[in-house]
Protein chains: 2
Amino acid sequence: MPRRRVSMDDIARHVGLSRTTVSFVINGRTDMNISEESRKRVWDAVRDLGYRPDAGARSLAARRTDLIGVVTDITTSPFGGGIVQGAQDAAWRQGKLLLIVGTDGDPGVEAAAVDMLLERRVEGMIYATLAHREVAVPKAMTEVPTVLVHCFDGALPHVLPDEAEGGRTGTRRLIDAGHRRIGLINLDPAVPAAVGRRAGYERALAEAGIPVDPRLIVSGDATATSGFERAAELLDLDDPPTGLFCCTDRMAMGAYDAVRERGLRVPQDIGVVGYDNQEIIAAYLRPPLTTVALPFDEMGAAAVAMLTDPDGPGAGRTIGCPLVERASV
Amino acid sequence: MPRRRVSMDDIARHVGLSRTTVSFVINGRTDMNISEESRKRVWDAVRDLGYRPDAGARSLAARRTDLIGVVTDITTSPFGGGIVQGAQDAAWRQGKLLLIVGTDGDPGVEAAAVDMLLERRVEGMIYATLAHREVAVPKAMTEVPTVLVHCFDGALPHVLPDEAEGGRTGTRRLIDAGHRRIGLINLDPAVPAAVGRRAGYERALAEAGIPVDPRLIVSGDATATSGFERAAELLDLDDPPTGLFCCTDRMAMGAYDAVRERGLRVPQDIGVVGYDNQEIIAAYLRPPLTTVALPFDEMGAAAVAMLTDPDGPGAGRTIGCPLVERASV
DNA sequence: TTGTAGGCGTTATCAC
DNA sequence: GTGATAACGCCTACAA
């Protein structure tokens, strides 16, 4: 039999002050200059009666919800969750709450989600994807400040990983270890991540004065099987590479097998660098995989920062992909 | 220069009806029996003026927020995220929204999170943990219906995986494949998952008329390294097991290495079953790992179902751990 | 069928 | 220093 919730009125009545006064002390407003005595009595009453301000009512009157909406196709994924995580942490630190809805990529659900969030009067939205890709967002999304994370649509501000820099970083790690012939096991050349990473790869080679050999650049899908096959092709070349830069850790996982199958060892005979830093693969492979990480947490945090910036989201940002050093090169 | 939001009043004025009438048609109330004509005009106006009901205002007046709070230490984890995912999906289907706050297990943050959620007037809360364990929740949590997921505190209703059933299932899979000597690489015997799984293991053996050999039961931590070491011990026994039931997929990953190192093969020589169904390990191991899955999604969905059940959360539930058949036995 | 009026719990404006 | 009083946007008896 839960008693009626205690309201601000109850507090006011209890301490014999007006609602206004109570509101002021609870919101810690100093401009209205209230006696220490009254302040204390109010706080005591709050504690004694177990009063909790009603955020909904407050929002209605104050016209701010402190809510940020998130619509994303990221679900259980072992990775990518970092975006939501980073956003959540950043939001929490600013007293904002996230309203997250997972859409599984279904456009119908996305539109419904945006509507629902708009009805909740979110003050901004984040649209985040698992894969780096171009998207078309529900148009209602533009009704509030919105930032795209890990995706872009040519119009809205976005936060993207700097794939080119990542590609360069990974490649250079191999070069620094003395490798001159470095194979690139790329993703489907059409996807944004692939073009960026390849550009970075070529740039790193150029900077080291190493000519790019097209035969050393192959591509496949993001699976261990694919990595295995592509690595095998590369290793069976007449003049095989001694370093392998794989565009996903899964591919690197497959590459390990190809290397092993040829009686070679990582890293003594072949240096391998992955991409994604999927802990569960990278850290537990033997030897542990040196890989380029996608800065998910930072991307999520950056998006929130852009949204809460009083000057508005700005144009967009790109975030570096740091190298995670382990033992495969 | 965003025009003032359009309110219900605007609609009413626009169509020349009262707010009441508009409210009724928008909320689809049939009891009040309104002319088709009026209904249509209202909906047209809604569309034309781009009206969106204000969920906050609605909550205030109707005394229901359709909000469920989630406090959890599950973050980016490659697994466990399924709980939030399952909860989110179930909530969405019921028109509820989740207010999720990740606490990283910090009790201070947890308490603050609960307060914040209570101020938002969530109608129920879910407290979910990554690991199956006993917890102490912030006491304010009991102010609304709450269910614990993947954890328990002896008082609140909870949703737990049926570890014993899972232990039995995994073990039986090995037995069914003809194995009679089956090693159990358990977790720290003190943790709930370990006691449940071991009980299931012993039960399966008993049902098959196989005596339990204490030397076949070892334990370690949930790492590949630990799995490697424990498996090695077992395989080096005078009378080694032919089947290995590992309490985590990571352990199984290590066990694979131990098997391989001894010139044996999975599954021909040694059958291996894991636990957790961490896709990224289980599916990409060679051969792919047969493993017992933790029903995260179902647990999350069950929690939401309990919360939205008009009869209240009830006492608690336990959910089965299905076997995911791959190729390691 | 439709309209009136009061209430939900706060904030905010101004006067006292 | 403090207190009426009017929003905020919507719901809902109750009346017409």
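Remember, predicted model here, so these are calculated numbers, not experimental data. The chains referred to below are lettered A, B, ... by the order of the sequence lines, with proteins before strands, and numbering in each begins at 1.
- Each salt bridge (charged side-chain N to carboxylate O under 4.0 Å, His left out) pair with one or both residues in residues 126-150 of chain A, not counting sequence neighbours, appears once here: A:D73-A:R133, A:E143-B:R52.
- Comparing C:dT10, D:dC10, C:dG3 against the side chain of A:S7 picks out C:dT10 as the nearest.
- Judged as a side-chain hydrogen bond (donor to acceptor under 3.5 Å, both in side chains), and not counting sequence neighbours, B:D309 has no contacts.
- The overall bend of the helix from C:dT1-D:dA16 to C:dC16-D:dG1, read as the angle between its terminal helix axes built from five base pairs each, is 40° when rounded to 10 degrees.
- For A:R19, the salt bridge (Lys or Arg N to Asp or Glu O under 4.0 Å) partners are A:D9, not counting sequence neighbours.
- Of the listed nucleotides (D:dT2, D:dC11, C:dT11), D:dT2 has the atom at the smallest distance from the side chain of A:S38.
- Using a 4.0 Å heavy-atom cutoff across all strands shown, B:R19 reaches at least one base atom of the nucleic acid.
- A search for salt bridge (Lys or Arg N to Asp or Glu O under 4.0 Å) contacts involving B:E36 returns nothing, not counting sequence neighbours.
- B:D89 meets the side-chain hydrogen bond (donor to acceptor under 3.5 Å, both in side chains) test with B:Q85; sequence neighbours excluded.
- Atom CD1 in B:I26 sits 8.0 Å away from atom CZ in B:R58 (nearest 0.5 Å).
- Taking atom CG of residue B:D9 and atom P of nucleotide C:dA5, one finds them 14 Å apart after rounding to whole Å.
- As rounded to whole Å, 11 Å separates atom P of D:dC8 from atom CG of B:D10.
- Judged by distance alone with a 3.5 Å cut-off, a donor-acceptor contact links the side chain of A:T20 to the base of D:dA4.
- For residues 90-100 of chain A, every residue pair satisfying the side-chain hydrogen bond (donor to acceptor under 3.5 Å, both in side chains) rule, not counting sequence neighbours, is listed here: A:D66-A:K96, A:Q94-A:T308.
- Scanning for side-chain contact (heavy atoms from CB on, under 4.5 Å) contacts around B:R63 gives an empty result, with sequence neighbours left out.
- Looking at the side chain of A:L60, the nearest of the listed nucleotides D:dC11, C:dG9, C:dT10 is C:dG9.
- Of the side-chain N and O atoms in A:T21, one or more sit less than 4.0 angstrom from OP1 or OP2 of D:dG3.
- Residues of residues 115-124 of chain B having a heavy atom closer than 4.0 Å to DNA chain D: none are found.
- For the pair B:S35 and C:dT2, the criterion of a side-chain N or O lying under 4.0 Å from OP1 or OP2 is met.
- Atom CZ of A:R64 is separated from atom P of C:dT11 by 10 Å (rounded to the nearest Å).
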